[in-house]
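Just the heavy atoms: all of them, side chains too, but no hydrogens, waters or symmetry mates, feed the values below. Note that ligands are numbered from 1 as they come in the structure, with each ligand's atoms numbered from 1 the same way.
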Amino acid sequence: MTKTADFLIIGGGIAGLSAGARLARHGKVVLLEAEDAVGYHSSGRSVTFSHFGIGGGTVRALTAYSRAFFQDPPDGFDTLAAVRPALFIADQAMLSALDELERITRAHAEAVERLDEAGAAHYCPALRWAPDAVVAAFVHREGLKLDPHALLQGFARAIRASGGEVVNGARVVSIGPRWRVRTASGDTYEAPILVNAAGAWADRVAEMAGVRPLGLTPLRRTIIVFDPPAEMDVHEWPFVKTAVDYMYMMPDSGRLLASPVDENPDDPCDAQPDELDMAVAAHRVSEFTTMEVRRITHRWAGLRTFAADRVPVAGYAPDAEGFFWLAGQGGYGLQTAPAMAEIAEALVLGAPWPETITATGVTPEQIRPERLPPFSTM
Ligand SMILES: Cc1cc2nc3c(=O)[nH]c(=O)nc-3n(C[C@H](O)[C@H](O)[C@H](O)COP(=O)(O)OP(=O)(O)OC[C@H]3O[C@@H](n4cnc5c(N)ncnc54)[C@H](O)[C@@H]3O)c2cc1C
């Protein structure tokens, strides 16, 4: 028997779940997730730190807007965020990038301070402050470490509380007109509106539905986890990132995680870390700190999927009625999720662009798929 819904959502990552929670207020949501648990792919592999050292102006505005949700979540959510410092560092070659990032961060935040060597060491005593290593730094004291589990489960609970369903183990294998969907186990679902929130697979889902793909690019990112020196208690250390995309590190349950900030093109898949990228991460930690990575205790990789202009996409496909894109969340899908969910809700319903989002300077033209090839030359 075919199950019907008002809104069918493909993808149980942060994009699908957060939008689903908002849409569930307006009708029956059924969210189909291929894996046995939500968040198995990118959303469960993120380091979930909200900061302004990533993305262009649109992404930063969405990031700033989303902070209020994380810090004061609605009923039904557990605590979603802890305020943690974000420390940005530069070597000589990165100085102008650091200045620019400080200017941008100050435009969104107050608790920003330029630091000298002693000031930076107060936050992270392992920094290697030397002419060929760190020569400048600033801190944004109010970065947010998000709790991905609390976020994903909170949105899933909100969908169910409004009478919707989150169906795990439901891999969509075919999509027929307006919109009849079949899963690998033979179940069928139907709804007038289909939300494509399939992350790295979003273009493939579009092709399955006969909709023109947007040329989304999944890029792999690698994380290593290692033991800090025995004498260092890293629990209170900040998120530390170079002013350009080169290295970041952050405490992780008494250990440290680090990334070479890699972006290697990959197919949509269960992404796995590459030995070389892991070695590069370890080397870059030793370049900018006094620490050596002697043993990698844990590692993972995940896909960050981008549109050509690196801005997330929300909006109906220009070439298919009722087919809604919610894709291209790149490296900021969690920190922008509350804003993007609000945008998706308005656009799916055909409601006016939210005034709250207008106030951030973000416009529909920046977000809708029409801006991208094949619909525009950009
Ligand atoms: C190492 C790393 C660090 C990151 N750090 C941060 C960070 O600090 N802050 C931040 O905000 N973001 C960060 N990100 C980015 C963030 O993880 C992504 O932007 C976000 O998770 C994308 O969410 P999504 O829902 O679009 O994709 P996903 O979480 O991948 O969800 C898509 C889902 O669709 C499902 N699916 C696909 N095809 C089908 C089908 N045919 N049928 C049914 N289901 C299907 C998949 O199984 C998957 O679960 C990081 C990412 C990585 C990899």
Quick check on D36: does its CG atom have over 12 non-hydrogen neighbours (other residues, nucleotides or ligands) under 6.0 Å away? no

Take every heavy atom of A200, measure it against each atom of ligand 1, and state whether any distance is under 4.0 Å. no

Please confirm whether A170 comes under 4.0 Å of ligand 1, counting heavy atoms of the residue only. yes

Can the ring centres of F49 and Y248 be said to be less than 6.0 Å apart? no

S43, any N or O under 3.5 Å of ligand 1 N or O: yes

List every atom of ligand 1 that sits less than 4.0 Å from any heavy atom of A198, numbering the atoms from 1 in the order shown and giving each element. 32 (C), 34 (O), 37 (C), 38 (N)

Sequence neighbours excluded, the answer for salt bridge (Lys or Arg N to Asp or Glu O under 4.0 Å) partners of R255 is D227

Looking at E33, Q329, R304, the heavy atom closest to atom 47 (O) of ligand 1 belongs to E33

Any idea which of L334, L32, V47 brings a heavy atom closest to atom 3 (C) of ligand 1? V47

Would you say the ring centers of F323 and Y316 fall short of 6.0 Å from each other? no

Any heavy atom of L326 under 4.0 Å from ligand 1? The part involved is neither

To check your reading of the model: name the closest protein heavy atom to atom 1 (C) of ligand 1, its residue, and the distance in Å. R45 O, 3.4 Å

Is the distance between the ring centroids of W237 and H235 under 6.0 Å? no

Can you find an N or O of I223 that's nearer than 3.5 Å to an N or O of ligand 1? no

Mind checking what makes side-chain hydrogen bond (donor to acceptor under 3.5 Å, both in side chains) contact with R141, not counting sequence neighbours? E113

Looking only at distances, can you tell me whether any N or O atom of I10, backbone or side chain, sits closer than 3.5 Å to an N or O atom of ligand 1? no

Counting N and O atoms only, with roles assigned by atom type, does the side chain of R220 sit under 3.5 Å from a partner on the main chain of L303, one being a donor and the other an acceptor? no

Atoms of ligand 1 less than 4.0 Å from G199 heavy atoms? 26 (O), 27 (O), 32 (C)

Would you mind listing which atoms of ligand 1 come within a distance below 4.0 Å of any non-hydrogen atom of A15? 25 (O), 26 (O)

Which of parallel (below 30°), tilted (30 to 60°) and perpendicular (above 60°) describes F52 and H140? tilted

Are any of the heavy atoms in Y332 under 4.0 Å away from ligand 1? yes

Please check this pair: side chain of D267 against backbone of C269, looking for a donor-acceptor N/O pair closer than 3.5 Å. no

